[in-house]
There are 2 protein chains.
Amino acid sequence: MKLSVRGEYALRALLVLGLNYGDHVVRIQTISDDQKIPKRFLEQILNDLKSAGIVESKRGLAGGYRLARHPRDITLAAVVRHIEGALAPVSCVSERYYEKCSCPDETRCPIRNVMKEVREAVVKIVERVTVAELCERAQRLKEEPLSALDYII
Amino acid sequence: MKLSVRGEYALRALLVLGLNYGDHVVRIQTISDDQKIPKRFLEQILNDLKSAGIVESKRGLAGGYRLARHPRDITLAAVVRHIEGALAPVSCVSERYYEKCSCPDETRCPIRNVMKEVREAVVKIVERVTVAELCERAQRLKEEPLSALDYII
DNA sequence: TAGAATCTCTACTGTTTCACTCAAGTTTAT
DNA sequence: ATAAACTTGAGTGAAACAGTAGAGATTCTA
Ligand code: FES
Ligand code: FES
């Protein structure tokens, strides 16, 4: 998995929406200002997340975006898969974006074998972490920014 | 970590060199034929690996490439880092290719926090797996291709 | 010592992706 | 009515990707 700027923006926008989860809606402008994301670009991204059913929008004056589901039900895996595509380091080990690579024999490829492990390790993390957990971590980091290193493992 | 075709080719070439580890040298043409890699492209890649001290070459007739170190001393991490750059999913959590991202406050960023875990998980694997292990896996897969799934973990 | 096979080095090229930007349109609160 | 918001689709400049090409240097062998 490699996150493009687009993917990073998507996660940051969802973090803002997660922190403001409730009835009301958040304007693009607010997210853009808060996270320093180019507004027109962010429009695209949120629209994209909408088509994935991750966020929903309200139009017109006093319009904006909100999460379409509870933060606890939105995994990073779902978001990244929609924005970036495969989580796997090579396409031949991807479950949902499988493409065979140029290896002569895929079934006996030791590289594929290792990459499968890498994929599993990544998936295990991003499928467990939700927007809700992102919010909790934001809270914890806000209170004790110096202990940041404790959360690595 | 996302492997480009270039990176995949590099690993496959090293696998061949690992399987043929010894005194003699292997021609580009041989690797190219064996692994179905465009020859001129492979030249570039092997040259690149040479500048990293991963392989060494012999010129002239009966020239070719060999591993510069014992297969057991060449980790996938070293190879991928040289060919692709950072292993981390975002630059702000990379140890050797660090670049700060556009987040307002890096020290309190929960996304960074999660991505650190992802990075650790990936590094843990690719820093442990060597070319030698790749060769052993190739051997095992050759003998029992049907048990491939057992190695996923 | 000529020649062929091999690596070396630099440069080029066409395609795709990335990160935006723009314009024009639709919806809705006031 | 109007302005502030989302919607849609297109456009753009730069960079990365996956090669390709050519001229040169080295070394074995005949
Ligand atoms: S089969 Fe995909 S890397 Fe070998
Ligand atoms: S600091 Fe890099 S993702 Fe937030």
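Residue numbering restarts at 1 for every chain, and letters A, B, ... go by the order of the sequence lines. The structure presented is a predicted model; accordingly, all values stated were derived computationally and were not measured.
Electrostatic pairing of B/R140 and B/E143 does not count as a salt bridge here, judged by no charged N lying under 4.0 Å from a carboxylate O. A salt bridge does not link B/K50 to B/E56: none of the charged side-chain nitrogens sits closer than 4.0 Å to a carboxylate oxygen. We find that A/E120 and A/K124 are not joined by a salt bridge, their nearest charged nitrogen and carboxylate oxygen being 4.0 Å or further apart.
Among the atoms of the strands shown, base atoms are found under 4.0 Å from some heavy atom of A/R40. Residue contacts for B/L46: at a heavy-atom cut-off of 4.0 Å it reaches no nucleic acid atom on any strand shown. Using a 4.0 Å heavy-atom criterion, one finds that B/K39 contacts no nucleic acid atom at all.
Using modelled atom types and a 3.5 Å distance limit, the side chains of A/Q29 and A/D33 yield a donor-acceptor pair. Side-chain contact, B/S102 with A/K36: no donor N or O sits under 3.5 Å from an acceptor N or O. B/S94 and B/E99 share no side-chain donor-acceptor pair at under 3.5 Å.
Residues forming a salt bridge (charged side-chain N to carboxylate O under 4.0 Å, His left out) with A/R81 (at least two apart in sequence, or on another chain): A/E127. By the side chain to side chain contact (heavy atoms under 4.5 Å, CB included) test, B/A78 pairs with B/T75, sequence neighbours left out. Shown here are the salt bridge (charged side-chain N to carboxylate O under 4.0 Å, His left out) partners of B/E95, two or more places apart in sequence or in another chain: there are none.
Considering only side-chain N and O atoms, A/N47 lies under 4.0 angstrom from the phosphate OP1 or OP2 of D/dT8. One finds a side-chain N or O of A/K50 lying less than 4.0 angstrom from the OP1 or OP2 phosphate oxygen of D/dT7.
Taking atom CD of B/E99 as the reference point, atom P of D/dA15 lies 14 Å away to the nearest angstrom. In this structure, B/F41 places its CZ atom 18 Å from C1' of D/dG22, rounding to the nearest Å. For the pair B/I45 CD1 and D/dC17 P, the interatomic distance rounds to 12 Å; values are reported in whole Å. In this structure, A/Q29 atom CD and D/dC6 atom P are separated by 9 Å, rounded to whole Å. One interatomic measurement links the two molecules: CD of B/E43 to C1' of D/dA23, which rounds to 13 Å at whole-angstrom precision. B/Q44 places its CD atom 10 Å from the P atom of D/dG19, with the value rounded to the nearest Å. For A/I31 and D/dA5, the CD1 to P distance is 13 Å, given to the nearest whole Å. Atom CG of A/L49 is separated from atom C1' of D/dC6 by 15 Å (rounded to the nearest Å).
First and last contacting nucleotides of DNA chain C toward chain B (any atom under 4.0 angstrom from a heavy atom, 5' to 3' order): C/dA5 to C/dA11.
By the neighbour-count criterion of 12 heavy atoms within 6.0 Å, atom CZ of B/R72 is sparsely surrounded, having that number or fewer from other residues, nucleotides or ligands.
Residues from residues 76-91 of chain A lying near DNA chain C, meaning a heavy-atom separation below 4.0 Å, are absent. Interface residues of residues 56-64 of chain B facing DNA chain D, ordered by number: B/K58, B/R59, B/G60, B/L61; criterion, heavy-atom separation under 4.0 Å.
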Subject >> B/E117 vs A/R137, salt bridge (charged side-chain N to carboxylate O under 4.0 Å, His left out): CA-CA, chis, key distance, verdict >> reply: CA-CA 13 Å; B/E117 292 183 18; A/R137 292 197 192 209; 2.8 Å; yes
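Follow the hydrophobic side-chain contacts under 4.5 Å out from B/L17 and you reach B/I83 in the same cluster.
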